[in-house]
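In the text below, chain A, chain B and the rest are named by the order of the sequence lines, each starting its count at 1. All heavy atoms count here, side chains included; hydrogens, waters and symmetry mates do not.
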Protein chains: 2
Amino acid sequence: MDERKIRNMEEFASVSGISRPTVSKYFNDPTSVRASTRARIEAAIEQYDYRPNIYAMNQNRQLTKNIGIVVPYLADPFFGEIARVIERRCIEAGFSPSLFSSHGEAEQERDILDTLRSLKPAGVLLAPLGRTSDKSMIEAFCRDVPTVLFDSNIEGMGEAFVGSDNYSFVSQTVEYLSRTGEPPSFFEMKHPANPNANKRRRAYLDMMERLGLEPHVLQIDGTGWEFEEIGRKGGHDILSRNALRTDTILCSNDRLAIGLLSACYEAGYRVGRGSEHDLRVASHDDHPFSRYTCPALTTAAHDYASVSGHAVDTLFHLIESGVRFSTRDETLFSARLIMRDSA
Amino acid sequence: MDERKIRNMEEFASVSGISRPTVSKYFNDPTSVRASTRARIEAAIEQYDYRPNIYAMNQNRQLTKNIGIVVPYLADPFFGEIARVIERRCIEAGFSPSLFSSHGEAEQERDILDTLRSLKPAGVLLAPLGRTSDKSMIEAFCRDVPTVLFDSNIEGMGEAFVGSDNYSFVSQTVEYLSRTGEPPSFFEMKHPANPNANKRRRAYLDMMERLGLEPHVLQIDGTGWEFEEIGRKGGHDILSRNALRTDTILCSNDRLAIGLLSACYEAGYRVGRGSEHDLRVASHDDHPFSRYTCPALTTAAHDYASVSGHAVDTLFHLIESGVRFSTRDETLFSARLIMRDSA
DNA sequence: AATTATTTTTTACGCGCGTAAAGAATTTGT
DNA sequence: ACAAATTCTTTACGCGCGTAAAAAATAATT
């Protein structure tokens, strides 16, 4: 690598022997120049380690190559994984992803959308907080920036929604549990942060009715995003009050289940299948840690790859076509039942 | 809010009745203008919802207000938490944090540093991958950008390192375990990803020698960042080979311990204190989930707040003073023993 | 009120790159 | 080999803001 510092595209153009407009054209789309000139430019890049000033690049472009990724809560490894997959695909497509986490707070979500707007991104992938989100602000944001919602739907906002089919999660777990043992009670937060929780409750009620079984919903207290602690406290409460009708609990999500399993352990309840156990516990999401609970958690898995892949594809299509969708489309992927030892 | 769209600072200056250079001065430091003009500008901002174009702002500034935050693995909620705390403090200080995760891959780490360099950040907080990091590239990066390393140290790189005192972690756990029962064996990966692991092993050996006890290190196979699975497999291997000398295991970190506890449960070993238990397991880090393992994990907690707070403070000091430190300073915070049921 | 210190305005240039237009050079097709 | 099509060079302007310098206005001090 040559030690001479290239200060700008003008200098780089002259050392590479190509005119500046052509070099500029190359950086905006390497395939837009002849193969031979492309080779010369790339050789010069290699030699001088030059890259254009992104601030000057983006100043005049109406559309940058930035993509915003917003998740509600990064301390949940589920979103860490999602972020990883989405980031990779954005980079492969030549975009620059910027990752943001609302950390469970509506004010942070607002600030992020503000920041994002000034980044003039080509598009945004947004997993909103849900119930506490500032709906009108999100709506205004989506009007200005091509946005695909994922994970958690807010009716009518964004050009599209990509997520998991909550009904498919719950129908599989309820069907499995009631076929192989006593019917499940449904364990959830009284005021869930996320609209998926409501869909899951309704799916539970619906499935139980279909199967001709008596539904039983256990609603526990607690607000915020510390689901494990909420699940643990709620679990202790329910176990001590003897509020169970059957020996089977179906949790709304794995993080609550992790807390519940902890409570069961502490209270001396043996969780699992078979006669030597007191309780069966199942759940939804296939959280990265659900394999390592004691016992390992029976759950329904998201199709991670499909959800993130389709969300990205949808956004790319939106960006490339340059037009907004005439109808907002919602794509839901089915769950896959993961049978482990807890139920 | 007025509906008229302000296109640039010129227009904004004219509607606010202040000259453009003064407005520019305001945006670079609101306290640098007279209180009365500041009030007028802020009223106009409120009314027209104007904010300057960040690309044009940063183009001419040698030093932007950006701060890069790089963590090795976001699917570990520990880093999600760290990111949350650091982000907040950066925003409070008027900086724009950009969060990046290497996702356990050295190539990603390299790409991130490349991206970061072109963002011309005022400073960077870097938690490197460790063993697999491209040391020479990090070194070159640190020469160009004021960088504070945290969590995982690489000798001599960056202006400072802020982390936890591994010796204090291990000394407390070893002391506690050997005082209250049989001395611990040390459970770790044969090829740990992170230099902290090596320090912990050495601290274990040192402590055992001091206490006049025979050390015993269990090194398990596996590479990468899926520590739980590595711990689980290694745990099964050790339990089935009956490789334990005592009834006490001290894990290098909580994520390995989570896997080990899972293996213990699957193999029918009862973990905990007291005569009705087979095994004691303790660990280090106070991972967000360690409270919810079964049994809850006895561990040594990082001083999260101090580490992230001091790392940020150090970087701010570096940025404000404008000078590099003459000597690289390393600050280590002590651990706090968290006694739970596993040991 | 006069002097001094502070703040703002006016004027002007530059940053690094996007991009448009016209002409020159190169490649492609026959 | 020649015309047509493609690609590149030259020239030139603009984006939105930072920033410097001198002049003007305002505030603080005596």
Colleague: If you take the centroid of each ring, where Trp contributes its six-membered ring, are A:Tyr73 and A:Phe78 closer together than 6.0 Å?
Modeller: no

Colleague: Assess whether atom CZ of A:Arg61 is packed by more than 12 heavy atoms of other residues, nucleotides or ligands within 6.0 Å.
Modeller: yes

Colleague: For D:dC8 and A:Thr37 - does any side-chain N or O of the residue sit under 4.0 Å from the phosphate oxygens OP1/OP2?
Modeller: yes

Colleague: Is the ring centre of A:His310 less than 6.0 Å from the ring centre of A:Phe150?
Modeller: no

Colleague: Please check the phosphate of C:dG18 (OP1 and OP2 only) for any side-chain N or O of A:Ser24 closer than 4.0 Å.
Modeller: yes

Colleague: Which nucleotide wins on minimum distance to the side chain of B:Val33, given the candidates D:dT10, C:dG16, C:dT8?
Modeller: C:dT8

Colleague: Of all the nucleotides listed (D:dT11, D:dG16, C:dC17), which has the minimum atom distance to the side chain of B:Ala56?
Modeller: D:dG16

Colleague: Classify the side chain of B:Asn53 versus the base of D:dC17 as yes if they form a donor-acceptor pair under 3.5 Å and no if they do not.
Modeller: no

Colleague: Choosing from C:dG18, D:dC8, C:dC17, which nucleotide comes nearest the side chain of A:Arg61?
Modeller: C:dG18

Colleague: Side chains of A:Pro146 and A:Val124: closer than 4.5 Å at any heavy-atom pair?
Modeller: no

Colleague: Round to a whole Å and report the spacing from CG of B:Asn28 to P of D:dC17.
Modeller: 11 Å

Colleague: Applying salt bridge (Lys or Arg N to Asp or Glu O under 4.0 Å), which residue pairs with at least one partner in residues 91-108 of chain B are found, sequence neighbours left out?
Modeller: A:Arg88-B:Glu105

Colleague: What is the distance, to the nearest angstrom, from the CE atom on A:Met57 to the P atom on D:dG16?
Modeller: 17 Å

Colleague: Ignoring backbone atoms, establish whether A:Asn8 has a side-chain N or O less than 4.0 Å from OP1 or OP2 of C:dG16.
Modeller: yes

Colleague: Using whole Å, report how far NZ of B:Lys25 lies from P of D:dA21.
Modeller: 15 Å

Colleague: A:Arg34 CZ to D:dA5 C1': how many Å, rounded?
Modeller: 12 Å

Colleague: Rounded to the Å, how far apart are A:Lys5 NZ and C:dG16 P?
Modeller: 14 Å

Colleague: With a 4.5 Å heavy-atom cut-off, do B:Phe95 and B:Thr64 have their side chains touching?
Modeller: no

Colleague: Quick one: A:Gln59 CD to C:dG18 P, roughly how many Å, whole number?
Modeller: 11 Å

Colleague: Rounded to whole angstrom units, what separation is found between the CZ atom of B:Phe27 and the P atom of D:dG18?
Modeller: 9 Å

Colleague: Are any of the side-chain heavy atoms of A:Leu129 and A:Trp225 separated by less than 4.5 Å?
Modeller: yes

Colleague: At less than 4.0 Å, is any side-chain N or O atom of B:Tyr50 found next to OP1 or OP2 of D:dC17? Yes or no.
Modeller: yes

Colleague: Should the pair B:Arg328-B:Glu330 be classified as a salt bridge under the 4.0 Å nitrogen-to-oxygen rule?
Modeller: yes

Colleague: Would one find a side-chain N or O of A:Thr22 under 4.0 angstrom from OP1 or OP2 of D:dT9?
Modeller: yes

Colleague: Side chain of B:Pro52: nearest nucleotide among D:dC17, C:dT8, C:dG16?
Modeller: D:dC17

Colleague: So, does the side chain of A:Arg20 form a donor-acceptor pair with the base of C:dG18 at under 3.5 Å?
Modeller: yes

Colleague: How bent is the helix from C:dA1-D:dT30 to C:dT30-D:dA1, comparing axes over its five end pairs at each side, to the nearest 10°?
Modeller: 10°

Colleague: Using whole Å, what does the distance between atom P of nucleotide D:dT10 and atom CD1 of A:Ile18 come to?
Modeller: 11 Å

